[in-house]
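Take a look at the structure set out below.
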Amino acid sequence: MITLSQVRSAAAVIAPHVVRTPLLSYGEGWLKPENLQPIGAFKLRGALNALACLENRANGVVAYSSGNHAQAVAFAARLHGVPAAIVMPDNTPAVKIEATKALGAEVFIVGITERVERAEALVAERGAALIPPFDHPDVIAGQGTIGLEILADQPDVSQVVVPMSGGGLISGVATVIKALRPDVRVLGAEPELAADIAESLKTGELVRWDPLKRAQTAADALRDEPSALTWEHIRAHVDDVITVSEDEILTAVADLARRARLIAEPSGAVAVAALEKIGGAGVAVVSGGNVDPALLVSLLPA
C-alpha cells in the first residue's frame, strides 16, 4: 500500500503540469473540479507521476483505458517526447477517442473484454512500458495529491466523497485523508449498475461483476473493477459507499452545468449525485468533464 510520503513526492513531481484545482462552494458542500485539468479529468495526476518515475521509457508507453486515462497518458507521453500506444474499448465515447488521437497517441480499438490482453501484447512487441489506469503505486500516489489539496483548502472538512471504479483515485485520496485526518469520513460513490465495490465491502471480500453488466451505466469511466492492490486500500480506508441511480447521475450532470457552471461527464458527476443524495456538508470530487456533447445537449433543453 502507498504512503503519505509517496503522495507528497508525487505532488512535487506533477505540480508544474497540473491545475491546482480550487474548492468551489456548492449548496452545503464543496466541489473539487478536476474536470478543469488540461485533459479534462483527474487522471492526468497519476499518469504524469507514473511516467516521470519510469526508469526506461525509450521505447514508449502503452496504456489501456475507457478514455480519461488514455488522454492522460497521451498528454504525459507528449510532454516527455515518447510515443504512446493506447488500447480503448469499442464502447468508448467518440469524444474521448478523438481527444486521445489529437494528443498524438496511436489508438487501438478492441472489444470491452480484450483491452488488457491487447495492451500486454503491444508491450511485448515494442518493449514499451505499461502504465495501467489504477493498478500501480505511482498512479495511485499521483491521484492522492487531490487529498492533500482538499485538506489544505478545507482543513475542517467532515467527509469527502470520491467516485470509484478501478479504485485508484479513492485509494490515493483515502490514504492521505486517513493519514492526516482519520476522523474525516471517506465515502465512495458508485453507479447502481456498477456497484461491485459496494457489494464487496458488504461481503468482506472482492466480488467480481460481469463486464457486460457494468457496461450498462452511462458513467463510462466507472465500468472497471478494482485490482487486488486498490481493494486493499479501499478495505482499509473507505468508510462507506453510496450508490446512485442513472437518473440521479444525469440530474447531477445537469445541476452542475446550471448551478456551478461546470461541465461534467456522467462519471464525473457521480460523487456529486451521492453527496446530494445523503445531504449535508462535505467535498465531492468532480472527476472528469469529457462528456459527449449530444448527451449534454439532451440534458439541458432550451
Side-chain angles (χ1 to χ4, degrees), residues 1-2 7 29-32 34 41-43 45-46 66 68-69 133-135 139-140 143-147 150-151 157-179 181-209 213-214 217-246 248-249 252 264-288:
M1 293 173 64
I2 69 161
V7 179
W30 300 83
L31 304 174
K32 179 68 168 167
E34 286 294 296
F42 77 95
K43 290 283 191 176
R45 296 173 182 262
S66 60
N68 290 333
H69 180 64
F134 50 84
D135 189 28
V139 172
I140 295 172
Q143 321 304 25
T145 58
I146 292 172
I150 289 172
L151 290 183
V157 65
S158 59
Q159 58 186 2
V160 178
V161 187
V162 185
M164 296 191 304
S165 179
L169 174 58
I170 198 165
S171 293
V173 171
T175 294
V176 171
I177 299 295
K178 293 303 183 181
R181 284 285 309 280
D183 58 308
V184 175
R185 284 173 56 78
V186 178
L187 305 176
E190 276 191 307
E192 290 176 355
L193 294 179
D196 50 332
I197 301 178
E199 184 178 343
S200 296
L201 286 173
K202 287 179 181 177
T203 62
E205 60 183 11
L206 194 53
V207 175
R208 299 299 190 188
W209 282 24
K213 181 177 181 180
R214 297 195 310 270
T217 179
D220 60 273
L222 300 184
R223 293 169 177 166
D224 273 315
E225 59 185 4
S227 65
L229 176 61
T230 56
W231 168 242
E232 286 303 309
H233 289 78
I234 292 166
R235 184 166 60 177
H237 299 314
V238 175
D239 294 293
D240 202 359
V241 181
I242 311 301
T243 62
V244 289
S245 69
E246 296 297 290
E248 288 168 331
I249 293 168
E265 61 190 279
S267 307
V270 165
V272 178
L275 186 61
E276 290 179 336
K277 187 172 185 174
I278 62 176
V283 173
V285 177
V286 181
S287 55

Do you know the tightest heavy-atom contact between Val7 and Gly144? CG1-C, 3.4 Å
Straight-line distance of Lys213 NZ to Arg208 CZ, nearest 0.5 Å: 14.5 Å
Can you give me every donor-acceptor pair (side chain of residues 193-201, partner residue at least two apart or in another chain, under 3.5 Å) with its distance?
unit_1	atom_1	unit_2	atom_2	d
Glu199	OE1	Trp209	NE1	2.8
Ser200	OG	Asp196	O	2.8
Ser200	OG	Val207	N	2.8

When rounded to the nearest 0.5 Å, the distance separating CZ of Arg45 from OG1 of Thr145 is 4.0 Å
As an exercise, state the distance from CD of Gln143 to NZ of Lys43, rounded to the nearest 0.5 Å. 6.0 Å
Partner residues of Thr175 under the side chain to side chain donor-acceptor pair (under 3.5 Å) criterion, sequence neighbours left out: none
Residue pairs involving residues 161-176 (criterion salt bridge (charged side-chain N to carboxylate O under 4.0 Å, His left out); sequence neighbours excluded): none
Taking all heavy atoms of Ala219 and all of Val270, pick out the closest pair and write down the distance. CB-CG2, 4.2 Å
Which pairs with one or both residues in residues 229-245 pass salt bridge (charged side-chain N to carboxylate O under 4.0 Å, His left out), sequence neighbours excluded? Lys178-Asp239, Glu232-Arg235
Less than 3.5 Å apart, which donor and acceptor atoms pair up between the side chains of residues 271-287 and the rest of the protein, not counting sequence neighbours?
unit_1	atom_1	unit_2	atom_2	d
Glu276	OE2	Tyr26	OH	3.1
Lys277	NZ	Thr243	O	2.8

Residue list, side-chain contact (heavy atoms from CB on, under 4.5 Å) with Ser171, at least two apart or on another chain: Ile140, Thr230, His233, Ile234
What pair of heavy atoms forms the shortest contact from Phe134 to Val139, and how long is it? CA-CG1, 4.1 Å
Option from Val184, Val176, Ile146, Leu151 for which side-chain contact (heavy atoms from CB on, under 4.5 Å) with Val160 holds: Val184
Across all chains, not counting sequence neighbours, the side chain to side chain donor-acceptor pair (under 3.5 Å) partners of Ser245 are Glu248
Glu265: which residues meet the side chain to side chain donor-acceptor pair (under 3.5 Å) condition with it, sequence neighbours left out? Asn68, Lys96
Between atom CG of Asp224 and atom CE of Met164, what is the distance when rounded to the nearest 0.5 Å? 13.0 Å
Specify the closest pair of heavy atoms between Ala252 and Ala269, including all atoms of both residues, with the distance to one decimal. CB-O, 3.7 Å
What is the minimum heavy-atom distance between Asp135 and Ser227, and which atoms define it? OD1-OG, 2.8 Å
Those residues that, when tested against Glu190, pass salt bridge (Lys or Arg N to Asp or Glu O under 4.0 Å) (two or more places apart): none
Could I get the full list of side chain to side chain donor-acceptor pair (under 3.5 Å) partners for Gln159, not counting sequence neighbours? none
